[in-house]
Amino acid sequence: MNHITLLLITLYFVTVLLVVTILNLIQGRKKKRIKKELEKLEYEKNIIDSIPIISELDKVGSLSKNEKMELAYNEWKDRLENIKNSQIPRITDMLIEADYSLSQMDYKTTMYKIAKLEMELYKVKANSDFLLNEIKDITESEERNRDVITKLKVRYRELYQQFQSKKLEYGEYADIITLQFENIAKRFEEFEDIMEKNEYTEVGPIITAIDEMLKHMSVVVEEVPSIVLLATTVLPTKMREVWDQYQAMMQKNYPLDYLNIEYNLEEANKKIEDILERLRELNLEDSLFELKVLLDYFENVFNDFDKEKVNRSTYEETNESFVTKLTKINQLLSEIFGSLDELKSIYNLSKSDIDLLNTIKKEMDTLNEDYKVLMSHTGNNTFAYSKLTKEIESLMVRLSSIEDKLDMSLNTLGSMKEDEVRARQQLEEVRNILKEAKNQIRGYNLPVIPKSYFTELKEAQAAIKEIVKELNKKPITIDVLNTRVDTARDLVLKLYAKTKEMMKTAMFAEMAIVYGNRYRSTGEEVNKNLTYAEVLFYKGEYQKSLELTINSLNRIEPGLYQKLLEFYGNK
């Protein structure tokens, strides 16, 4: 029992020792990290303290100073003393306080003081850097300004040489530009005077002014020749050409009012005068751009003139074609409506036929009115030919549509007339066919004509009478007439075909009986069949008579049918 107790006590002390050791290690590391931050801040303080403000300020003190420079020097000196004697020591005190808190292991207070210290360091460093830069603007100004002014002088000489090389191109404005170069040269002299007097605070505005003047002169040297050329030569010449062509086309009655040429020429002259006036003050703002816009406009005016010439030619050609077709259709409609009552009395025109003609007449009346309006616009030279061409083309499309409808109507009327003529011709044809069929019947003395033949003959004759009856009607109904013609033709052709077939069969049957008489003595059956065939023949049953004769004789003389057929064919 004592042994176990001793073991537990030993474990307890070991555990406590380990915990204490670990806590000490953690605290030590934390303290070490904070200590490094403090050392870093102290290093930054030393860097700030070592900024060479004093040496730069001493350089200013060695310069000959005017009143303004003296005030600046004293202000810089006061600010430097504030940094050295107040701000830096305060940072030092704050470092000591933070280090003391760390030694007391008051980490929370230490971190708070470090945060304040960082902010203070940032402000002091910003003040020091700003002060140093202000002082350096003076101490380094001569070298820096000399370098800048040297570059500006190079630019000045290049621009001046460029100007002198083509001075004639600047015209009357060359003297104004020369005077401006002299003004820039005077600025260079002012710079030298300021540098000699060590008035460094006045140098910046002079350099800025010279730089701006050279930038402006760069634009002047580059653009003025083009402005002078465009404003005094190119554009005036182009405008005179536009005016001359405009006058010539106006005399030929071209409708050019929509182009506003006179107004635009007047405004262009005002714009050119304004540009040249501003040029005397070397004010080139948008001048070259505006002149190029004017040049482009007048170039496009020539394109407009050319388009009008082309459109006028197209318009006149289209108009001529339109008038020819319009006159033709107007005359045709006048003739149709002049004879419409007569057509109605001759033919049974449908309501759709009449409506179509009335629609065509109404559309033509509207088209004629629209064309009169177009002619009035053409005569007063108000609209451009491009617009007039579109209008006449639109009218031409409408006229073509009306023409198509009229053709459709005329085809209907023409078809009626053709159908009537064709019906009369076919009436004569069917009459002749019927007459020929009768002649064939009369030409061959048949013993008997079947009753069915007479029935079909009567039907054919009745159909012919219906054609005559329909042709004598006023007005004629073409559809009914065509039906009557088709019916009569079919009946007559059927009768004609039946006549030919009946005549052929009768003749063939008679020849077969005559040919077969030579075989009557060969046997009673043959004789009996031939006698019966004769009976059938005289009854008018020619097909049965022929079949009976051929079948009887074919047993005696095979191939007899073909022989009779050949013989009949030769006959």
Asker: Please, which pairs that meet salt bridge (charged side-chain N to carboxylate O under 4.0 Å, His left out) have at least one residue in residues 266-278, sequence neighbours excluded?
Answerer: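 Sorted result for residues 266-278: E266-K270, E267-K270, K271-E290, D274-R278, R278-E290.
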
Asker: Between E241 and Q245, does a side chain to side chain donor-acceptor pair (under 3.5 Å) hold up when you go through it step by step?
Answerer: CA-CA 6 Å; E241 293 173 354; Q245 188 163 343; over 6 Å; no

Asker: Taking NZ, NE, NH1 and NH2 as the nitrogens, is one of them in K372 or E369 under 4.0 Å from a carboxylate oxygen of the other?
Answerer: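 Between E369 and K372 there is a salt bridge, with a charged N closer than 4.0 Å to a carboxylate O.
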
Asker: Does any N or O in the side chain of S401 come within less than 3.5 Å of the main-chain N or O of V397, such that one atom is a donor and the other an acceptor?
Answerer: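 A pair under 3.5 Å: no.
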
Asker: Got a sec, which pairs hit salt bridge (charged side-chain N to carboxylate O under 4.0 Å, His left out) with one end in residues 161-170, sequence neighbours left out?
Answerer: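 Those involving residues 161-170 do not exist here.
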
Asker: Which heavy atom of S218 sits nearest a heavy atom of L159, and at what distance?
Answerer: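 In terms of heavy atoms, the two residues are closest at CA-CD2, 3.7 Å.
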
Asker: Before giving the answer on side chain to side chain donor-acceptor pair (under 3.5 Å), spell out for Y160 and Q164 the whole-Å C-alpha distance, their side-chain angles and the decisive distance to 0.1 Å.
Answerer: CA-CA 6 Å; Y160 188 72; Q164 289 292 335; 2.9 Å; yes

Asker: Do the side chain of S545 and the main chain of E541 share a donor and acceptor less than 3.5 angstrom apart?
Answerer: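 Answer holds: no.
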
Asker: Would you say N330's side chain and L326's backbone share a donor-acceptor pair under 3.5 angstrom?
Answerer: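 Answer holds: yes.
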
Asker: Taking the inter-plane angle between the rings of Y371 and F322 on a 0 to 90° scale, is it parallel (under 30°), tilted (30 to 60°) or perpendicular (over 60°)?
Answerer: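 Tilted, since the angle between the ring planes falls between 30° and 60°.
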
Asker: Ignoring hydrogens and geometry beyond distance, is a side-chain donor-acceptor pair present between Q251 and Q247 at under 3.5 Å?
Answerer: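 Judged by distance alone, the side chains do not pair up.
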
Asker: For R240, is there an ion pair with D244 - N to carboxylate O distance below 4.0 angstrom?
Answerer: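 No, this pair does not count.
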
Asker: What are the two closest non-hydrogen atoms of K252 and R312, and how far apart are they?
Answerer: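 Scanning both residues, the minimum pair turns out to be O-NH1, 2.7 Å.
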
Asker: L259 and N264: which non-hydrogen atoms are nearest, and at how many Å?
Answerer: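 That closest heavy-atom pairing would be O-ND2, 3.1 Å.
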
Asker: Please give me the minimum heavy-atom distance between I177 and Y170, naming the atom from each residue.
Answerer: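 In terms of heavy atoms, the two residues are closest at CD1-CD2, 3.3 Å.
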
Asker: What are the two closest non-hydrogen atoms of I272 and A231, and how far apart are they?
Answerer: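 In this case the closest contact between I272 and A231 is CG2-O, 3.5 Å.
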
Asker: Once side-chain contact (heavy atoms from CB on, under 4.5 Å) is applied, do any residues pair with E308, and if so which ones, sequence neighbours excluded?
Answerer: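 If we apply the side-chain contact (heavy atoms from CB on, under 4.5 Å) test to E308, skipping adjacent residues, the hits are M249, Y254, P255, L256, Y258, N311, A384, Y385, S386.
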
